[in-house]
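See below for the structure under consideration.
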Amino acid sequence: FTLFRELLIFIPQANNIEILSPLLDEADIRSLSCTPREVPLAYPPPPFSIAVSVCVWAQEWPQPDKELVEKYEGLKTVFFKRLVNAWEKIKTSAEPAIQGSPAAEGVKEAFEELRKSPRVDSAIKIMSGLATEMEPAVDKARMALLGVYGHYLRPYIGERLDRAINNIKPMLDTVLPHEG
């Protein structure tokens, strides 16, 4: 795993690029195995070009607490239930108004034609396959972010964030209830 440490700004100097770091001095850059170097530019160098590079080093991500993961999963489940229920309510309330509309019939026919198209079908299969393939990487990134939050941020903002979530729940239960 890698952890991003610092952004290094490259500023063009004639045919070369010089590394400048507003936060680290040269000794710090060397200690991070990021030695200042010159990189040849294409001829002619583009005017006012700035590139950004990231200095990285290997470090283990902190593991999230089981309690934090369970709390996150619970909040995520309730959030998705709220979205599904809101969508269902919008759909049921809009259906009677759309039923007799000629424009709605045209949209419905176009949607049915798209649904029957082999290109759309293959695109849906490709996207669902990509989503399935990406799921482990997304879960790993989510757990890493929860670990970073739990280790570095939760001691400082955890109580306030929990209070804010608990204070907004009654309003969300009124506007977007999670149960039908």
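None of these values were measured; they are calculated from a predicted model. Position 1 is the first residue of the sequence, and the numbers go up from there.
- Salt bridge present: E67 and R154 bring a charged side-chain N and a carboxylate O closer than 4.0 Å.
- For the atom pair CH2 of W87 and OG1 of T92, the computed distance is 11.0 Å after rounding to the nearest 0.5 Å.
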Indicate every side-chain donor-acceptor pair of residues 102-118 with a distance under 3.5 Å to a residue at least two apart or in another chain.
{"unit_1": "S117", "atom_1": "OG", "unit_2": "R119", "atom_2": "N", "d": "3.4"}

In sequence, state the C-alpha distance, the side-chain angles, and the governing distance for R82 and E179, and then conclude on side chain to side chain contact (heavy atoms under 4.5 Å, CB included). CA-CA 7 Å; R82 289 180 194 279; E179 295 177 3; over 6 Å; no
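- Between the NE2 atom of H178 and the CG atom of N85 there is a distance of 9.0 Å, given to the nearest 0.5 Å.
- Here the straight-line distance linking atom CG of D121 with atom NZ of K125 works out to 4.5 Å at 0.5 Å rounding.
- Linking ILVMFWY residues whenever their side-chain heavy atoms come closer than 4.5 Å, directly or via other members, leaves L145 and L75 in distinct clusters.
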Could you give the side-chain donor-acceptor pairs of residues 159-172 under 3.5 Å, partners two or more places apart or in another chain?
{"unit_1": "R160", "atom_1": "NH2", "unit_2": "Y156", "atom_2": "O", "d": "2.7"}
{"unit_1": "D162", "atom_1": "OD1", "unit_2": "K71", "atom_2": "NZ", "d": "2.7"}
{"unit_1": "N166", "atom_1": "ND2", "unit_2": "D162", "atom_2": "O", "d": "3.3"}
{"unit_1": "N167", "atom_1": "ND2", "unit_2": "R163", "atom_2": "O", "d": "3.2"}

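- Checked against side chain to side chain donor-acceptor pair (under 3.5 Å), Y149 has no partners two or more places apart in sequence or in another chain.
- Atom CG of L146 is separated from atom CD of E73 by 8.0 Å, given to the nearest 0.5 angstrom.
- The two residues G150 and L68 come nearest to each other via the heavy atoms CA-CD2, 3.9 Å.
- Note on F79 and V69: separate hydrophobic clusters, where clusters join Ile, Leu, Val, Met, Phe, Trp and Tyr whose side-chain heavy atoms are under 4.5 Å apart, directly or indirectly.
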Start with the C-alpha distance between W61 and M143, add both sets of side-chain angles, then the distance that settles side chain to side chain contact (heavy atoms under 4.5 Å, CB included), and finish with yes or no. CA-CA 9 Å; W61 294 97; M143 289 300 122; over 6 Å; no
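- Rounding to the nearest 0.5 Å places OH of Y152 at 14.5 Å from CD1 of I157.
- Taken from CG in L130 to CD in E135, the straight-line distance is 13.0 Å, to the nearest 0.5 Å.
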